[in-house]
Amino acid sequence: MAVTTGTRRGPRGSSGRASSTTSRGRASSTPRPSSKRAERPWLGQWNSTVTSYYLLVGATGLLLVIGLVMVLSSSTITSIAAGDSPFAAFLVQARFALIGLPLMLVAARLPVRWYKRLAWPALLASLTMLVAVLFVGKLVNGNRNWLVLGPVQFQPSELAKLALAVWLGAVLGRKQHLLRSWGQALVPGALGLAAVLGLVMAGHDLGTALILALLGLGAYWVSGAPAAMLGVGAVGAALFVGWTFIVNQSGSDRLTRILATYGSTCDAASECYQSIHGLYGLGTGGLFGVGLGASREKWKYLPEAHNDFIYSVIGEELGLLGTLLVLALFAVLGIAMARVVRRHPDPFVKITTAAIGCWIVGQAFVNIGVVIGVLPVIGVPLPLVSAGGSALVTTMVALGVVISFARSEPGAAEALAARRSVVKRSVAVLSRRGRRGAAEGRGRRRGGDGGR
C-alpha cells in the first residue's frame, strides 16, 4: 500500500496553502499556550523553566558574599577595641556561612514530599524550644530569645520562622478548598500562628513577632482565604502585638525610642541617636561611597554597625550604587519566589514559598526602613548580610527549601538534567581532544627521535 506523504491538495488541485491559511486563521482566533512568550519576545530565554532556580541561586550567592565582605569591613574597629583580632566577627560569620552552605545544599535536594512529612515535627520542636527559652533562656538587649546548649547558642525564634512557614503550607494546602469557612481557616492554622506569636512576644522580641505576622499574612493570602478574614486577622494580630508590647515594655527604652521616632524630639541627643548616625552614614556615601573599609561611622559612632545597621555602612562605603544593588538583589529574590508561586501546581509549595518570601523580603525592607528612619529601631537584621549565626543559617536553609521547590517546577528537572548532560558531553569532547593532541605530540617526538 502506498503511503502518501507531503502536501495534501484540496478539491481544486491546489497546494496546501489554503489549509495552512485556514490553520493560521484558527491559530489567531484561538491563542496557543506559548503565545505569552510570543507577546513578550524581549524575555527570550530569561523566561525558561529554570529561570526561578538560577535567580534564587544567583541572588542568594551574591547577597552572601556581600554580607561577608561588609561584616569584615564594619566589625574590625569594634573587634580591635574589644581586644580581639580584627577578623574575629568575620571569622564567626564565615564559620556560620560554612555551616549553612551544606545545609542549604541538602535542603535544595530534598523532594517536596519530605517537607510535608517534616511539617508537624518541626513545629512541635520549635514550640518546645520557645517554651524552654522562657525558663532557661538568655537575656540579651532586653529580649529573652537565646537558648544556650553547652557551647552552642542560638535563637529558637529564627528556627520557628522556617518551621511555621512549612507547617502553614502543609495545613492550609491540604484544606485549601475549605478555607472559605472561618472555622476551617482558624483551626489549626491561626491557632498555631497565634501560639508561636504569643511565645515570641513573651520573650519581648517585637521585631521577630512582626516578621512572623508578615509570614502568616503571606501564607493566608496565597492560600485563598477571604479578604475579610485576612483583614480581621491582621487587625487582631496588630492589637495583640501592640497590647502585649505596651504591657511588657511600658517605661522601657524601646517604647521611648518608638515614641521618639514619630515625635518632635528625634535628634542625636534623644533615643534617636542610632537612627541619626545611620542617616549620617547613608548621607556621607554619596553616589559611589567613600571606599570599602573607609567608613567613619563604624568607629564606634554607630551602634550595631555590623548587625542591624550594616545597610548604613554599605551606603557609606559603597554609596548609593551599593545600596541599590542590595535592594535589587532582594527584589530578584522576591520575583523568583513569585514565579515559583505562580508556576508550581502544588498548593503546599505555593503557600510555603509565599510565607518564606514575605519573611525574607519583608524583613529586608523592615531593616532598611529602620535604617532610613521610616520605622523605629526594633532589632531586625538584614537577611544574609547582617552578622548573626542563627539568622544566617536559618535563612540559608529556607532559601534552600525554595530552591528545591524551583527545581520541581514543571519542566525544570528535565531542563537541569539536559544542561548537565550538555556540560558532561562538552567536558568529554575536550578531554578526548586533549588526549588526542597529547598522543599526536608524543608521536611527533618519537618520529623526530627516530630521524636523528
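For clarity, every value in this text was computed on a predicted model and none was experimentally measured. Numbers for residues simply follow the sequence, beginning at 1. Note: hydrogens, waters and symmetry copies are ignored here, and every other heavy atom, side chains too, is used.
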Exercise for the section: Could you please spell out the steps behind the side-chain hydrogen bond (donor to acceptor under 3.5 Å, both in side chains) verdict for T51 and S48? Expected result: CA-CA 5 Å; T51 298; S48 67; 3.3 Å; yes
Practice task
Test side chain to side chain contact (heavy atoms under 4.5 Å, CB included) on E304 and V377 and set out the steps.
Solution key: CA-CA 11 Å; E304 302 292 338; V377 180; over 6 Å; no
Exercise for the section: Start with the C-alpha gap between L382 and V371, add the side-chain angles, then the distance that decides, and say whether side chain to side chain contact (heavy atoms under 4.5 Å, CB included) holds. Expected result: CA-CA 10 Å; L382 188 61; V371 173; over 6 Å; no
Exercise for the section: Apply side chain to side chain contact (heavy atoms under 4.5 Å, CB included) to the pair V402 and I360, showing each step before the final yes or no. Expected result: CA-CA 12 Å; V402 181; I360 296 177; over 6 Å; no
Handout entry: CA sep, side-chain torsions, deciding dist, call: L327, F365, side chain to side chain contact (heavy atoms under 4.5 Å, CB included)
Key = CA-CA 9 Å; L327 268 177; F365 287 134; 3.6 Å; yes
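Residue L279 comes nearest to I372 through the heavy atom pair CD2-O, 3.5 Å, listed as atom of the first residue, atom of the second, then distance. Considering every non-hydrogen atom in both L215 and A355, the closest pair reads CG-O, 3.7 Å. Nearest heavy atom pair, residue G278 against residue L302, reads N-CD1, 3.6 Å. Annotation for T353 and M337: closest pair CG2-O, 3.6 Å, computed over non-hydrogen atoms. Counting all heavy atoms, side chain and backbone alike, L134 lies closest to A202 at CD2-CB, 3.7 Å. Taking every heavy atom of both residues into account, S52 and E409 meet most closely at OG-OE2, 3.0 Å.
Looking at P188 and V171, their side chains come closer than 4.5 Å, going by heavy atoms from C-beta outward. Contact annotation: the side chain of E297 approaches that of Y280 to within less than 4.5 Å [non-hydrogen atoms, C-beta and beyond]. In this structure the side chain of V200 never reaches within 4.5 angstrom of the side chain of N145, judged on heavy atoms. Inter-residue side-chain proximity for L101 and M396 is flagged as met; some heavy-atom pair is nearer than 4.5 Å. Residues F135 and V131 are in side-chain contact: their nearest non-hydrogen atoms beyond the backbone lie under 4.5 Å apart. Looking at F330 and P383, their side chains come closer than 4.5 Å, going by heavy atoms from C-beta outward. Side chains of S79 and F90 form no contact here, defined as non-hydrogen atoms less than 4.5 Å apart. The side-chain heavy atoms of T49 and R343, taken from C-beta on, include a pair separated by under 4.5 Å.
Atom-to-atom distance recorded for I403:CD1 and L110:CG is 12.5 Å, nearest 0.5 angstrom. Here CG of L392 is found 12.0 Å from CZ of R95. Values are rounded to the nearest 0.5 Å. Here the OG1 atom belonging to T60 is positioned 6.5 Å from the CE atom belonging to M104, to the nearest 0.5 angstrom. Once rounded to the nearest 0.5 Å, the distance linking CD1 of I314 with CG of L325 reads 9.0 Å. For the atom pair CG (L384) and CD1 (I66), the distance works out to 10.5 Å, reported to the nearest 0.5 Å. Note: T78 OG1 to W299 CH2 = 11.0 Å, rounded to the nearest 0.5 Å.
In W221, the CH2 atom is not crowded: 12 or fewer heavy atoms of neighbouring residues, nucleotides or ligands sit closer than 6.0 Å. The local environment of CZ in F154 is crowded, with over 12 non-hydrogen atoms from other residues, nucleotides or ligands closer than 6.0 Å.
Listed for the S386 side chain is no donor-acceptor partner under 3.5 Å among the backbone atoms of P381. At distances below 3.5 Å, not a single donor-acceptor pair connects side-chain atoms of S73 with backbone N or O atoms of V69. Distance alone, capped at 3.5 Å, is enough to place a donor-acceptor pair between the Y220 side chain and the A190 backbone. No donor-acceptor pair closer than 3.5 Å links the side chain of T323 to the backbone N or O of G315. With hydrogens and angles disregarded, a donor-acceptor distance shorter than 3.5 Å links the side chain of N367 to the backbone of D308. Between the side chain of K350 and the backbone N or O of H344 there is at least one donor-acceptor pair closer than 3.5 Å. Of the possible donor and acceptor atoms, one in the side chain of Q274 sits under 3.5 Å from a partner among the backbone N and O of P303. In terms of modelled atom types and a separation under 3.5 Å, the side chain of Q155 and the main chain of L147 share no donor-acceptor contact. Here the side chain of Q363 pairs no donor or acceptor atom with the backbone of I211 at under 3.5 angstrom.
Evaluation of the ring-ring contact (aromatic ring centres under 6.0 Å, His included) test over residues 107-126, restricted to residues two or more places apart or in two chains, returns Y115-F405, W120-W167.
In this structure, H277 and Y273 have tilted ring planes: the angle between them lies in the 30° to 60° band.
Residues passing the salt bridge (Lys or Arg N to Asp or Glu O under 4.0 Å) test with E317, sequence neighbours excluded: K298.
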